[in-house]
Amino acid sequence: MSGAAGGPETFEAFVAHRTPALLRTAYLLTGDQAAAEDLVQTAMVKVSTRWTKICSRGSPEPYVRRVMYREHVTAWRRVGAHESAGLDDRTDDALPDPAADVALRLTIEQALQRLGRRQRAVIVLRYYDDLPEAAVAEALGCSVGTVRSQTSKALARLRQIVPSMLEEVPSG
Amino acid sequence: MSPDSSSEQVLLREALAEGAGRVVPVDLTPRILHAANRRRRLRRVTVGGGALLVAAATAGVVTLLLPAERSADDVQPAGPATVVLDPSSADELAGARMAIVDAAEGVWVADEAGGQRSLGPADPLASVTGVAVSRDGRWVALGGLTDDALVVLVRDAEGSGDESIVLEPTTQREWLKPFTPAISPDGTTVALATPDASGAVTVQLLRVRGSDESATIPMDGTTWNAIGDRVFVAFSADGTRLLVNCGQDVGSISVAGAFNGQPDVAGPAFVPDPFVLTHGTAASRTLDQILMPRATTDNGFRSWAVLETATGDVVRELSRLAEDVLLGWSDDGSFRWLRTTADPPTSDVVVDDEVVVRISAPNGAGDVLPAWSPGGGS
């Protein structure tokens with residue numbers, strides 16, 4: 001990525017310009033404002049010490065996002081047992097069926113928070129960042145096969161939590 | 001519907017886009033840059049350990065160590081307090097002398113060249129409530145309380161043993177609060193504030209060498225400790241005036257006029273905003289401006305304001321981490337801060353966002369009380 005003058009973008013400029021977008025992604029990953037802010041900050045601080053080297057390889061944003069996703073999933077590994085137990089307690093409870101599309105989208109959004117962190121990351125990368133499977137695999141540091149299986153499981157879980165996802169899809 | 005149907009993907013994308021839009025658009029830039037600068041700075045100190053000068057005070061005797069591979073992170077607070085100076089920050093430290101009061105080890109001084117000297121225990125003070133260093137770095141003033149007096153101890157930072165003790169008797173003990181004395185640029189005069197019977201501020205000016213002159217100057221129109229827990233007093237760089245800041249009242253006094261019976265008191269100006277003195281206060285070299293903190297914090301940051309002493313008007317605001325304590329205002333316009341962490345127990349002196357000195361205290365970072373000569377950093 002280049003700055004306005006065509007040279008390498010400074011860390012300060014990147015933070016100022018790209019943090020809002022990163023924060024939106026982090027919010028989808030964490031489902032919590034404070035946790036999203038912390039996640040973005042942690043990722044940015046991690047890359048700050050190697051900024052020149054990162055920029056020498058091209059646009060720094062994919063790398064920053066990769067650090068953020070991995071930091072998110074690593075946190076999942078650290079608290080995985082506890083969080084999984086909590087998820088298991090909840091996954092059989094289907095959320096109320098919404099009557100309107102807006103409510104349905106809100107319900108899906110809430111349902112995303114019931115996924116495990118890795119599955120949530122896969123969904124965000126595939127359907128919010130619009131990354132192809134290979135790019136998702138690179139971002140998360142796993143195989144394409146793992147991305148496919150995690151995507152499939154995540155969607156199945158969402159359909160389980162929000163049955164109306166299948167029944168009330170918007171037309172067109 | 002197939003698991004990957006396009007309509008399901010559309011719905012999912014819309015839900016994600018709406019969800020992402022629900023985040024509160026906070027500006028994280030200051031917070032991230034601050035954390036990144038701190039990390040980069042500490043990293044630089046660590047990898048540049050060969051250039052560090054480490055000094056440790058041991059049982060009152062300062063020992064200089066020059067470990068080629070020592071890093072800031074290696075300094076463990078297992079023994080007496082340890083100071084790490086980063087000579088790459090020589091510009092920030094130029095002309096500076098730092099005095100440190102360690103509850104366990106007494107008083108010692110450090111300067112930008114890495115020189116360290118113990119000034120011994122702070123006897124006869126049971127505890128030191130405030131420390132100040134003269135502009136020329138030669139004299140260290142220690143403030144403390146006894147049952148019936150305010151005590152100021154002035155010691156030669158060069159280690160000559162020259163010492164002056166000022167006892168300011170007071171019968172108004174119920175008013176007494178921990179205080180920090182001010183010391184004139186040449187170290188000949190100390191100043192401190194006491195309350196009068198009406199609850200206004202009275203300034204005591206006392207010569208500590210060359211004569212036994214003293215002066216008592218009432219600051220009419222001030223209110224003792226209306227906000228905050230101590231009164232801030234500071235000499236101008238040329239030693240001709242003394243600033244008195246009680247939190248919501250700010251004024252100044254002509255030093256020469258005070259000693260010849262013709263005190264020239266300017267102000268006090270009323271500071272309308274709710275500022276406090278508990279996180280440090282500093283004055284510019286001409287005393288025309290002061291930097292004061294607000295009491296409240298927001299998301300881990302505290303707002304500070306530069307005010308005109310003549311009017312009390314806010315002319316500039318800045319934001320710092322809430323835990324930062326102001327140490328001083330350098331002649332080059334930069335501010336020096338003390339940032340204390342509990343684990344590990346360290347106190348960092350920070351200029352802008354760079355750590356220039358790290359103090360590792362043996363008994364917890366809260367046990368050290370540092371001060372810096374006002375001329376440092378010029």
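Worth knowing before you read on, the calculation uses all heavy atoms, side chains too, and leaves out hydrogens, waters and symmetry mates.
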Non-hydrogen atoms of chain B under 4.5 Å away: do they reach the side chain of [X], the backbone, both or neither?
| X | value |
| --- | --- |
| A:Leu28 | side chain |
| A:Asp129 | neither |
| A:Glu37 | both |
| A:Ile123 | both |
| A:Ala16 | both |

Just by modelled atom types, is the [Y] backbone N or O under 3.5 Å from a matching donor or acceptor in the [X] side chain?
| X | Y | result |
| --- | --- | --- |
| A:Ser48 | A:Val45 | yes |
| B:Ser330 | B:Phe335 | no |
| A:Ser152 | A:Arg148 | no |
| B:Asp348 | B:Val350 | no |

Quiz prompt | Leading residue by heavy atom contact count with chain B [cutoff under 4.5 Å; candidates A:Leu23, A:Val47, A:Val124] | solution =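 Top option by heavy-atom pairs under 4.5 Å: A:Leu23.
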Exercise. Against chain A, label B:Asn299 side chain, backbone, both or neither, depending on which of its atoms sit under 4.5 Å from a heavy atom there.
Key: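 The side chain, not the backbone.
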Self-check item: SB check B:Arg302 B:Glu323 (cutoff 4.0 Å)
Solution: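 Salt bridge absent between B:Arg302 and B:Glu323.
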Exercise. Report yes or no: do A:Asp32 and A:Thr30 form a side-chain donor-acceptor pair below 3.5 Å?
Key: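 Their side chains do not contain a donor-acceptor pair, so the 3.5 Å distance test is not met.
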